K.L.:
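Below you will find the structure I want to go over with you.
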Amino acid sequence: MVPRQRVVVAAAEVGRLMRVLVTGAGGQLGHDVVRVCTEAGDVVVACDRATLDLGDRDSVAQAITGSRPDVVVNAGAWTAVDDCEADPDRAWRINALGVRWVTDAARTAGAHVVHVSTDYVFDGTKPTPYVEWDEPNPTSAYGRSKLGGEREVDPACSIVRTAWVCGAHGHNMVKTVLALADRPELAFVDDQRGSPTFTADLAVAIRRLAVARLPGTYHVTNQGDTTWYGFVREILEAAGHDPGKVRPIRTDELDPPRAAPRPANSVLDNAALRLGGLPLLPHYREALGRLLAELGATP
Ligand SMILES: NC(=O)c1ccc[n+]([C@@H]2O[C@H](COP(=O)([O-])OP(=O)(O)OC[C@H]3O[C@@H](n4cnc5c(N)ncnc54)[C@H](OP(=O)(O)O)[C@@H]3O)[C@@H](O)[C@H]2O)c1
């Protein structure tokens, strides 16, 4: 956990200052939630897996009730989608039961929970973007465990469903493509569609929901959508490489095939934000440019 510190800033600029506990603080989203809240002047208790293990009720209770936060952002999860197929019990334990422990401890502490979930709760067969009120129908062990987690939170909590997450810290498509950019040819699937979403923007939206303690489910992604093939072309071009080196393939051409099925349509209509008059995240291309600049990968 990070030491308790209060940074004095103009409250009007940043909204109400809070004491925020972040689970999964070592992950790509957790890292940026910690950064955004710290920069806003919040007192942040950053818990990595060693200090708060979602698979261990006592560890969760101790970390949360011991630090008495105003808000818990549950950014921790077992996110190894293909590995979840082989060990669904581990997925249930961390992604579903772990949320029960977080909810219970937060209730005791009087803390609002912002729980992070996923597009994988949907089967991806809908021809148009998914709204918050569409029926989930996960097709993978990971997706089923994350839906289980959604069902563990209290109605007053905020659930943030996001998709195709990229950040400066951790593994994601932008970093994969930059690492492969010198290869003569690349192949990426052109039959899975989604909205690349950048943790720097997502973390700001999460803090906004936390400050307002808004209840219910919110789809929160950067605006715009594309396929993985289209996204890879844009990453290559923005980083000064030849986008023509990437070839579109179908998911059923992947060799070896992935253990877990992916939704063909992962596009989330941010309907609750949009219809509620709340700010939407910028277009993913703008956010991609910022991330590439941060990574020093612009030409
Ligand atoms: N990545 C995506 O494309 C994507 C898409 C939609 C939704 N989401 C959701 O967004 C959230 C953040 O994902 P992310 O991309 O930041 O994933 P990530 O980089 O894998 O971060 C998840 C963090 O959770 C930690 N964790 C794993 N097991 C834990 C446990 N038992 N107790 C406590 N912490 C544990 C991991 O720690 P270790 O590294 O030590 O294992 C890691 O630091 C998750 O809820 C995920 O389901 C992600």
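Every number for a ligand or one of its atoms is a count from 1 in the order of the listing. Only a predicted model underlies this, so the values are computations on that prediction, with no experimental measurement involved.
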K.L.:
Parallel under 30°, tilted from 30 to 60°, perpendicular over 60°: which one fits the rings of Phe122 and His219?
P.N.:
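Answer is perpendicular, since the angle exceeds 60°.
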K.L.:
For His169, give me all partners under ring-ring contact (aromatic ring centres under 6.0 Å, His included), at least two apart in sequence or on another chain.
P.N.:
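Testing His169 for ring-ring contact (aromatic ring centres under 6.0 Å, His included), a comparison that skips the adjacent residues, returns His31.
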K.L.:
Quick one: ring-ring contact (aromatic ring centres under 6.0 Å, His included) partners of Tyr218, sequence neighbours excluded?
P.N.:
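ring-ring contact (aromatic ring centres under 6.0 Å, His included) check on Tyr218 returns nothing, list empty.
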K.L.:
Which atom pairs, one a donor and one an acceptor, fall under 3.5 Å between side chains of residues 89-97 and the rest of the protein, sequence neighbours left out?
P.N.:
{"unit_1": "Asn95", "atom_1": "OD1", "unit_2": "Trp78", "atom_2": "N", "d": "2.7"}
{"unit_1": "Asn95", "atom_1": "ND2", "unit_2": "Trp78", "atom_2": "O", "d": "3.1"}
{"unit_1": "Asn95", "atom_1": "ND2", "unit_2": "Ser145", "atom_2": "OG", "d": "3.1"}

K.L.:
Charged N to carboxylate O below 4.0 Å: is that the case for Asp190 and Arg250?
P.N.:
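Between Arg250 and Asp190 there is no salt bridge, as every charged N stays at least 4.0 Å from the carboxylate O atoms.
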K.L.:
Tell me which residues fall inside the under-4.0 Å heavy-atom shell around ligand 1.
P.N.:
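Near ligand 1, by chain and number: Gly24, Gly26, Gly27, Gln28, Leu29, Arg49, Leu52, Asp53, Leu54, Gly55, Ala75, Gly76, Ala77, Thr79, Ile94, Val116, Ser117, Thr118, Asp119, Tyr142, Lys146, Thr162, Ala163, Trp164, Val165.
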K.L.:
A side-chain contact here means heavy atoms from C-beta on lying under 4.5 Å apart; do Val113 and Asp154 qualify?
P.N.:
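Not in contact.
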